[in-house]
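Sequence lines set the chain letters: A, B, ... in the order given, protein chains first and strands last, and positions in each chain run from 1.
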Amino acid sequence: MELCDMPAWKLKEMISKGEIGPEDVLDSVFNRIDAVEGTLNSYITLLRDSSYAQAKEVKRRLKEGESLPLGGIPIAIKDIICTKGIETTCASKILKGFRPPYDATVVARVKRAGGIIVGKTNLDEFAMGSSTENSAFGPTRNPWNPETVPGGSSGGSAAAVAAGEAILALGSDTGGSVRQPAAFCGIVGLKPTYGLVSRYGLIAYASSLDQIGPMTKDVKDCALLLQVIAGKDDKDSTSIKLNLPNYLEACEVKDLKGIKIGLPRECVSESIDRSVARVIEEAKRVFEKLGAKVVEISLPHIEYALPTYYIIAPAEASSNLARYDGVQYGLRLKAGSLREMYLETRTNGFGEEVKRRIMIGTYVLSAGYYDAFYLKALKVRRLVKEDFDEAFKEVDYILTPTSPTPAFKIGEKIDDPILMYLSDVFTVPVNLAGICAISINGGFSDDGLPIGIQIIGRAFDEYGVLGVASAFEAETECHSRRPYRR
Amino acid sequence: MELKPVIGLEIHCQLLTKTKLFCSCPTDYVGREPNTIVCPVCLGLPGSLPVLNKEALKLALRAALALNCTILKKTRFHRKNYFYPDLPKAYQISQYDIPLAVNGYLVIDGKRIRIRRVHMEEDAGKLVHPTKTGRLEGAEYSLVDFNRCGVPLIEIVTEPDISSPEEARNFVMELRSLVQHLGVSDGNMEEGSLRCDANISISVDGKFGTKTEIKNMNSFKAIERALAYEINRHMEVILSGGEVIQETRHWDDSKGITTSLRGKEEAHDYRYFPEPDLLPLFISDEMVSEISKTMPELPWDRRNRWKMDFGLGDYEVFVLSSSKVLGDFFDACVREIGKPKEVSNWIQVELLRIVDDLRLKIEDCYFAIPYLKEVLELLEKGVINNQVAKAVFEESIRERRAPIDIVKSKGLEQVSDEEALKDAVKRVLEENEDAVKSYLSGKDKAFNFLLGQVMKVTKGKANPAVVRKVLEEELKALS
Amino acid sequence: MKVSRGDVEHIMKLAYLDLKGEEKEKMIHHFSRILEYFAKLQELDTANVEPLSHVIEESTPLRDDEVGEGLSQEDVLGMAPDKEGGYIKVPRIV
Ligand SMILES: [Mg+2]
Ligand SMILES: [Zn+2]
């Protein structure tokens with residue numbers, strides 16, 4: 001097996017035993033990048049030179065006896081997370097050339113932990129999309145089948161990890177943008193509880209829903225990366241102070257005796273793909289075999305979650321994206337007056353889906369429509385959250401498909417926004433409720449495309465969720481398959 | 001038909017914190033190089049997030065409590081969305097449906113002006129328009145400085161309880177004095193740390209009229225003039241059978257008129273919604289009681305003290321409390337000198353004029369307290385007369401020299417010796433035969449003229465009481 | 001729910017977007033479809049439901065009033081598309 005196809009925890013062991021050095025891992029990763037990036041387009045910016053410089057520095061720190069949780073591990077960062085001095089574009093023309101003068105808190109923590117940032121990954125512009133087709137830098141392709149999308153919006157990060165173009169990656173998840181691409185690319189993606197991971201330096205799409213999450217080859221790596229990025233940050237008022245557990249310990253869970261898992265009847269309807277239904281059925285049996293009790297539950301308002309999300313998220317986005325006006329940074333198109341400059345810059349700088357969401361968001365907040373749309377959505381948001389509160393009185397975890405279908409064809413849904421939105425029907429409710437969920441590979445479609453299962457937990461029960469996922473992984477083989485492994 | 005002006009005010013005060021409302025940049029932007037006290041947060045850079053300044057909250061609460069408001073225990077922030085180049089996020093973090101405090105009042109001349117709400121918000125940056133006038137109109141381009149951006153403000157909104165321009169001015173003066181006494185704001189209108197907008201309408205036989213909003217009143221005088229102008233304008237429209245249009249108007253201080261800025265239909269749609277980057281704000285009882293306990297002396301308490309303890313009159317205490325620094329200076333003088341009535345008089349009549357002439361600030365005049373003390377002693381002992389005392393006090397401040405030195409070196413001691421003054425009186429009587437004649441023919445006015453002449457030839461040093469006595473004697477001898 | 005052309009034009013103004021021709025027609029079409037989709041929420045009676053704006057029910061943290069490090073004028077102007085004498089330059093406002 002090539003180094004780039006190995007999980008971080010294993011590479012760490014090899015590095016610490018002196019069997020390999022951080023440069024060897026980088027060599028392997030960049031070899032893979034050279035081989036597949038032309039097809040996949042996972043990255044917007046590659047940091048080859050600085051990676052080797054970082055590796056040198058990490059070696060020095062390791063030699064000095066520093067304990068580095070990510071010492072020498074190549075990591076890819078979604079290009080919506082600020083990196084000091086390194087162009088951060090959000091896959092938008094409007095931020096072309098923008099070099100933030102500061103690091104996002106997660107980036108600072110990754111660096112402190114000895115992670116090596118190899119590049120900035122592609123995404124749907126401003127994280128708005130479910131296919132990574134809405135990028136000013138062209139679409140990313142799914143390493144399992146380049147005819148299909150990698151999911152989105154963190155499609156670049158998902159494809160990079162799946163293809164061995166990175167060992168670990170960070171994505172951001174507002175309505176499923178970590179979990180759905182993780183599912184489509186056959187990797188692990190975690191959406192942490194709102195408030196667990198600092199959003200400082202994550203360029204906002206919808207601030208009340210956004211969370212940064214790990215995207216990794218297996219559950220243990222997910223725990224490893226979560227440990228590094230989680231925890232209170234004084235720069236983010238919505239980050240919460242709590243005693244962090246040792247997430248890696250969660251991965252030692254071997255059976256699920258005494259655990260109750262709920263399967264919402266609303267999530268196994270006829271609208272999901274046949275192969276997805278099969279994978280869920282198989283997963284249910286695996287969990288039962290591990291000793292868990294799987295029971296049917298109901299989340300009665302889940303069918304209202306998607307329209308609710310598509311009101312709240314664009315509303316916040318319309319405000320968050322108003323700052324891109326050509327005054328201070330990024331794109332400015334020449335114009336005779338300020339008003340024309342605003343119009344020219346914004347109309348040409350934003351892509352179609354972004355403009356659509358800005359328009360919708362502006363509309364639902366505008367005078368005369370606020371109550372009927374935005375306020376209504378906030379009320380339904382509470383109902384969705386209360387569904388989960390009720391369910392978690394009965395069960396410990398909830399199992400759903402991550403997405404109703406496996407990866408779809410490039411171009412297939414791009415002209416039908418509603419159809420595209422449906423891809424997030426099972427992930428969106430988790431963001432609305434502010435709780436946590438993980439997507440892990442649960443099996444494959446008849447066409448050989450990975451299919452993700454989602455395990456939802458209570459707020460701040462990442463430890464438990466990782467444990468359940470880890471037990472499932474130990475019992476199954478599908479997670480170890482890699483698209484380019486020889 | 002009975003026409004009555006109805007006025008409500010909206011006042012923004014800059015809070016006296018060290019750092020901005022949501023970031024750790026300093027707030028002292030006056031005189032700074034542009035764009036030098038900024039950070040990702042106040043520049044609204046992508047990915048940056050706000051964190052609330054505790055001191056700003058405390059100052060806002062202190063103001064709200066002093067304004068007799070009810071503090072809302074569960075409040076929150078909203079975003080107010082609009083595009084302008086001095087607003088880097090394209091929204092202002094402000095408060096909307098649940099402000100920090102509501103339902104207060106401030107008493108002006110015995111009348112309660114109700115306070116509708118007090119809330120916190122962040123200031124915007126500043127635009128410079130490189131035209132000759134510095135005005136926006138006609139500027140080919142504009143320049144943006146973000147140093148002020150994010151500075152903490154409180155907005156105080158009154159009910160429409162104010163019924164004249166004078167009352168409005170007095171309200172703002174009292175409010176300024178209050179925030180200064182509280183240490184909440186320096187209340188400087190010229191530098192914009194206190195800004196006032198007004199809503200005006202005319203009620204006709206008790207029925208409310210259409211209101212206009214007036215902006216850009218940058219001094220107490222401007223408030224009074226602008227409101228008087230606007231009331232007049234409304235009255236004329238109503239009396240000529242027309243209708244007032246709801247709009248926002250701009251006060252042009254140099255022309256002395258208001259002009260239309262934007263109409264109702266152009267009014268902004270701010271699309272307020274709860275700020276997701278901040279959690280709600282819960283105000284604990286402990287916090288409120290701690291702030292109540294540490295409340296400094298309020299202007300009205302101070303005025304009462306001066307009246308009760310010093311026997312000062314209404315007008316005197318009004319002037320002395322018009323700014324906190326003046327009141328502080330007065331209190332310091334009384335501590336040092338005693339004699340509150342004389343000190344009050346000297347400060348109001350002499351010192352304020354001198355300070356104005358010499359372009360000094362009251363807070364820089366503490367060195368003059370020993371001078372005033374000495375001048376008052378010299379006066380009391382009869383070493384100098386009142387007229388000389390005033391001149392000596394002024395000179396002592398200008399030259400930073402002890403009054404006694406000035407008196408000695410210039411020989412300004414009062415002459416009270418009757419014999420010495422008799423010569424001067426005789427000479428004056430000889431040189432002013434006409435005045436003497438008219439006095440003797442019964443015109444008493446001539447006496448004062450002659451007295452003035454004696455003071456003149458004695459270079460003001462004569463003791464006026466002694467001169468009077470000698471003059472009376474000499475004139476009697478002539479009759 | 002159909003959205004009117006006038007509504008879309010009004011929203012364009014508020015959002016500072018200037019869509020034209022085919023792009024504008026497409027926007028009107030999708031806008032209407034999305035609003036129809038939102039109509040589903042009207043099935044729910046939410047008269048007695050508290051709106052949920054923040055999932056975390058704690059008070060916002062407070063920061064001590066201490067000066068911290070900021071950015072230099074160079075940093076600010078380095079990002080700016082146009083500048084003059086320490087300021088960021090913008091075109092004519094009126
Ligand atoms: Mg305001
Ligand atoms: Zn700042």
For a quick test of your reading: what N or O donor-acceptor pairs under 3.5 Å do the side chains of residues 14-28 of chain B make, sequence neighbours left out?
| from | atom 1 | to | atom 2 | distance (Å) |
| --- | --- | --- | --- | --- |
| B/Gln14 | NE2 | B/Tyr29 | OH | 2.7 |
| B/Thr17 | OG1 | B/Thr19 | O | 2.7 |
| B/Thr19 | OG1 | B/Asn53 | ND2 | 3.0 |
| B/Thr19 | OG1 | C/Arg63 | NH1 | 3.1 |
| B/Thr19 | OG1 | C/Asp65 | OD1 | 2.6 |
| B/Lys20 | NZ | B/Ile37 | O | 2.8 |
| B/Lys20 | NZ | B/Asn147 | O | 2.9 |
| B/Lys20 | NZ | B/Cys149 | O | 2.9 |
| B/Ser24 | OG | C/Gly68 | N | 3.4 |
| B/Thr27 | OG1 | B/Thr17 | O | 2.8 |
| B/Thr27 | OG1 | B/Lys18 | O | 3.3 |
| B/Asp28 | OD1 | B/Arg32 | NH2 | 3.0 |
| B/Asp28 | OD2 | B/Arg32 | NH2 | 3.2 |

Looking only at B/Ala90, B/Cys39, B/Gly138, the option with the highest number of non-hydrogen pairs under 4.5 Å against chain C is B/Cys39
Across all chains, not counting sequence neighbours, the side chain to side chain contact (heavy atoms under 4.5 Å, CB included) partners of C/Glu43 are A/Tyr304, C/Lys40
Okay, B/Val128 and chain C: the region with an atom under 4.5 Å from a heavy atom over there is side chain
Between B/Asn218 and B/Glu191 (side chain of the first, backbone of the second, donor and acceptor by atom type, cut-off under 3.5 Å), is there such a pair? no
Applying a strict 4.5 Å limit to non-hydrogen atoms, the region of C/Glu58 in contact with chain B is both
Listed by number, the residues in residues 268-289 of chain B that come under 4.5 Å of chain C (heavy atom to heavy atom) are B/Asp269, B/Arg271, B/Pro274, B/Glu275, B/Pro276, B/Leu278, B/Leu279, B/Pro280, B/Leu281, B/Phe282, B/Met287
Taken in chain and number order and not counting sequence neighbours, the residues that satisfy salt bridge (charged side-chain N to carboxylate O under 4.0 Å, His left out) with B/Arg262 are none
Of C/Ser53, C/Ala80, C/Gly85, the largest count of non-hydrogen pairs under 4.5 angstrom with chain B goes to C/Ser53
- [ ] Verify the distance criterion only: is there a donor paired with an acceptor across the side chains of B/Gln92 and B/Tyr82 at less than 3.5 Å?
- [x] no
* Does any donor atom in the side chain of B/His250 or B/Thr259 lie under 3.5 Å from an acceptor atom in the other side chain? -> no
Comparing B/Leu45, B/Val41, B/Leu52 against chain C, the one with the most heavy-atom pairs below 4.5 Å turns out to be B/Leu52
Applying a strict 4.5 Å limit to non-hydrogen atoms, the region of B/Pro130 in contact with chain C is neither
- Message: Does either side chain, that of B/Ser254 or that of B/Asp252, offer a donor lying less than 3.5 Å from an acceptor on the other one?
- Response: yes
Whatever's closer than 4.5 Å to a heavy atom in chain B on C/Glu57 counts as backbone
Most contact-rich option vs chain B, by heavy-atom pairs under 4.5 angstrom, among C/Ile56, C/Val90, C/Val94, is C/Val90
Run B/Ser185 and B/Gln180 through side chain to side chain donor-acceptor pair (under 3.5 Å) and show every step you take.
CA-CA 6 Å; B/Ser185 174; B/Gln180 287 177 342; over 6 Å; no
Greatest number of non-hydrogen atom pairs under 4.5 angstrom with chain C, of B/Asp145, B/Leu143, B/Leu57, B/Asn81, falls to B/Leu143
- Query: Will you find, in the side chains of B/Glu121 and B/His12, an N or O donor that is under 3.5 Å from an N or O acceptor?
  - Reply: yes
d(B/Asn216 CG, B/Trp251 CH2) to nearest 0.5 Å is 10.0 Å
